[in-house]
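Residue numbers start at 1 and run along the sequence shown.
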Amino acid sequence: MPTLTYRIVNVFASSAAALDGNPLAVFEDARAVSSSTMQALARQLNLSETTFLEPSSAAVGASMRVRIFTPGTELPFAGHPTLGSAFVVHTVTGSCSTLEMGAGVIRVKRAIDTDDDVWALYANRAKFAPPIFPLEVLARLVGLLPDDLTVPTSNALPITSVNSGIPQLMVQIASEDALGRAVCDSKLLGELDNQGVLLFVLHEDHKTVKSRFFFYENQGVIEDPGTGSACANLGRLLQREGRRGEYSLEQGHHVGRLCRIGISVQDEDVMVSGKVVQVGTGEFSF
């Protein structure tokens, strides 16, 4: 097998100099790599996700095809791998506007009014469903009381399963204190018919959000530093509930990896954006 080169990028970084954001490994040319080897490489690197770039099919005609792997499985879509992969495709080829993924074609763009590498993805249309658990069980799932999940009606968003590429449960929390106390129950999280749960505190007057995201993998609970797919789902939920505007979301405080994420909620489009910073390169030869 030829040498496989990859780049390490931090997505949703707070600045070009900070070692924060959500790290991602991107293999630049995976045409000769089997699915089983992709999975093994993702397990070897042990980041939340690793992506592999391949030419898009002629029928699709995207800038590149992207396959996304966690250490345990392949995903049809994920947010920070989309933005990090777009950054690498642009760096290698000089342009990137669409990415072919398991969930379909995702539109991306690079901000042109800044010197930073800020990338945005356009969220696909979403499907919505009510949660399978009642409020009391949902509270136990996240280690809180039902009152901690009860938000004043004027600011409340319904607890909803949203799927704009990957299904996730959106759960609004009443206070940042409660958000900080959340601890997910692995058994209940494993029984959830969603691929993770976003807990968020929304300050609608300032268009700011604080959040935490938990998912179940390899018999345990993992907290993600910055979850672009969940932000896409949250944006579609905000849009459905009549909210509009430019929201600023922070995530990752509790795992020491601050992520700053933009969510633009418009009449038609929802965009998720963040700074991408390359912090390393490497290669595998075997």
N233/S164 under side chain to side chain donor-acceptor pair (under 3.5 Å): CA gap, chis, key distance, verdict = CA-CA 6 Å; N233 284 336; S164 63; 2.7 Å; yes
Rounded to the nearest 0.5 Å, what's the gap from [atom1] on [X] to [atom2] on [Y]? Could you check?
X	Y	atom1	atom2	result
F215	S48	CZ	OG	6.5 Å
L234	S211	CG	OG	8.0 Å
S273	R110	OG	CZ	13.5 Å
C259	H253	SG	NE2	9.5 Å
S15	K275	OG	NZ	7.0 Å
L198	Q251	CG	CD	6.5 Å

Counterpart residues, salt bridge (charged side-chain N to carboxylate O under 4.0 Å, His left out), relative to R257 (two or more places apart) = none
Does E204 have any salt bridge (charged side-chain N to carboxylate O under 4.0 Å, His left out) partners at least two apart in sequence or in another chain, and if so, which?
-> K207, R243
Taking the side chain as every heavy atom from C-beta outward, state whether [X] and [Y] have any pair of such atoms under 4.5 Å apart.
X	Y	value
P225	H80	no
R244	Q266	no
H203	D205	yes
R240	T160	yes
C184	E223	no
L83	F12	yes
P71	E217	yes
Q195	L75	yes

Throw together a table of side-chain donor-acceptor distances under 3.5 angstrom for residues 99-107, partners on residues two or more places apart or in other chains.
unit_1 : atom_1 : unit_2 : atom_2 : d
E100   : OE1    : S56    : OG     : 2.6
E100   : OE1    : S57    : N      : 3.2
R107   : NH2    : D269   : OD1    : 3.3

Run the side-chain contact (heavy atoms from CB on, under 4.5 Å) check on L157 and F200 step by step: do they pass?
-> CA-CA 10 Å; L157 296 173; F200 65 94; 3.9 Å; yes
Shortest non-hydrogen contact from [X] to [Y]?
X	Y	value
V9	G84	CG2-CA, 4.0 Å
P158	L237	O-CD2, 3.9 Å
V162	A126	CG1-CB, 3.8 Å
A62	T98	CA-OG1, 3.2 Å
P81	L24	CA-CD2, 3.6 Å

Which pairs, with at least one residue in residues 41-59 and sequence neighbours excluded, count as a salt bridge (charged side-chain N to carboxylate O under 4.0 Å, His left out)?
-> E54-R65
Of all pairs that satisfy salt bridge (charged side-chain N to carboxylate O under 4.0 Å, His left out), the ones with a partner from residues 228-237, not counting sequence neighbours = none
Anything under 30° is parallel, anything over 60° is perpendicular, the rest tilted; go ahead and classify Y6 against F284.
-> tilted
Would you check if the side chain of [X] reaches a backbone N or O of [Y] as a donor-acceptor pair within less than 3.5 Å?
X	Y	result
S36	S34	no
T70	G72	yes
Q172	N155	yes
N163	G165	yes

Can you list every pair that meets ring-ring contact (aromatic ring centres under 6.0 Å, His included) and has a residue in residues 160-186, with sequence neighbours left out?
-> none
Give every residue pair that meets the ring-ring contact (aromatic ring centres under 6.0 Å, His included) criterion with at least one member in residues 35-62, sequence neighbours excluded.
-> F27-F52, F52-F69
Under a single-linkage definition using a 4.5 Å side-chain heavy-atom cutoff for Ile, Leu, Val, Met, Phe, Trp and Tyr, are [X] and [Y] assigned to the same hydrophobic cluster?
X	Y	value
V26	L45	no
L121	L238	yes
L249	L202	yes
Y122	V272	no
M271	Y247	no

Among D224, T227, N10, whose side chain to side chain donor-acceptor pair (under 3.5 Å) with N22 holds?
-> D224
Does a side-chain N-to-carboxylate-O contact under 4.0 Å join R212 and E176?
-> no
NZ/NE/NH1/NH2 to OD/OE distance under 4.0 Å, R31 and D29 | yes
Short side-chain donor-acceptor distance under 3.5 Å, E283 and T5 = no
Going by atom types only, do Q168 and S229 share a side-chain donor-acceptor pair under 3.5 Å?
-> yes
Please step through side-chain contact (heavy atoms from CB on, under 4.5 Å) for the pair S35 and R67, ending with a clear verdict.
-> CA-CA 9 Å; S35 296; R67 297 183 66 182; 2.8 Å; yes
Apply side chain to side chain donor-acceptor pair (under 3.5 Å) to [X] and list each qualifying residue two or more places apart in sequence or on a separate chain.
X	value
E28	R7
H254	none
T51	S85

Among residues two or more places apart or on two chains, list those pairs meeting side chain to side chain donor-acceptor pair (under 3.5 Å) that have a residue in residues 127-148.
-> D148-R181
For L169, what are the other residues in its hydrophobic cluster, where any two members join if their side-chain heavy atoms are less than 4.5 angstrom apart?
-> I132, F133, L135, V137, L138, L141, V142, L144, L149, I159, V171, I173, L179, L188, L189, L192, V197, L199, V201, F214, Y216, V221
Taking it one step at a time, do M38 and E74 satisfy side-chain contact (heavy atoms from CB on, under 4.5 Å)?
-> CA-CA 9 Å; M38 290 181 187; E74 184 173 6; over 6 Å; no
Can you list the steps and then say if V108 with V89 is a side-chain contact (heavy atoms from CB on, under 4.5 Å)?
-> CA-CA 11 Å; V108 295; V89 172; over 6 Å; no
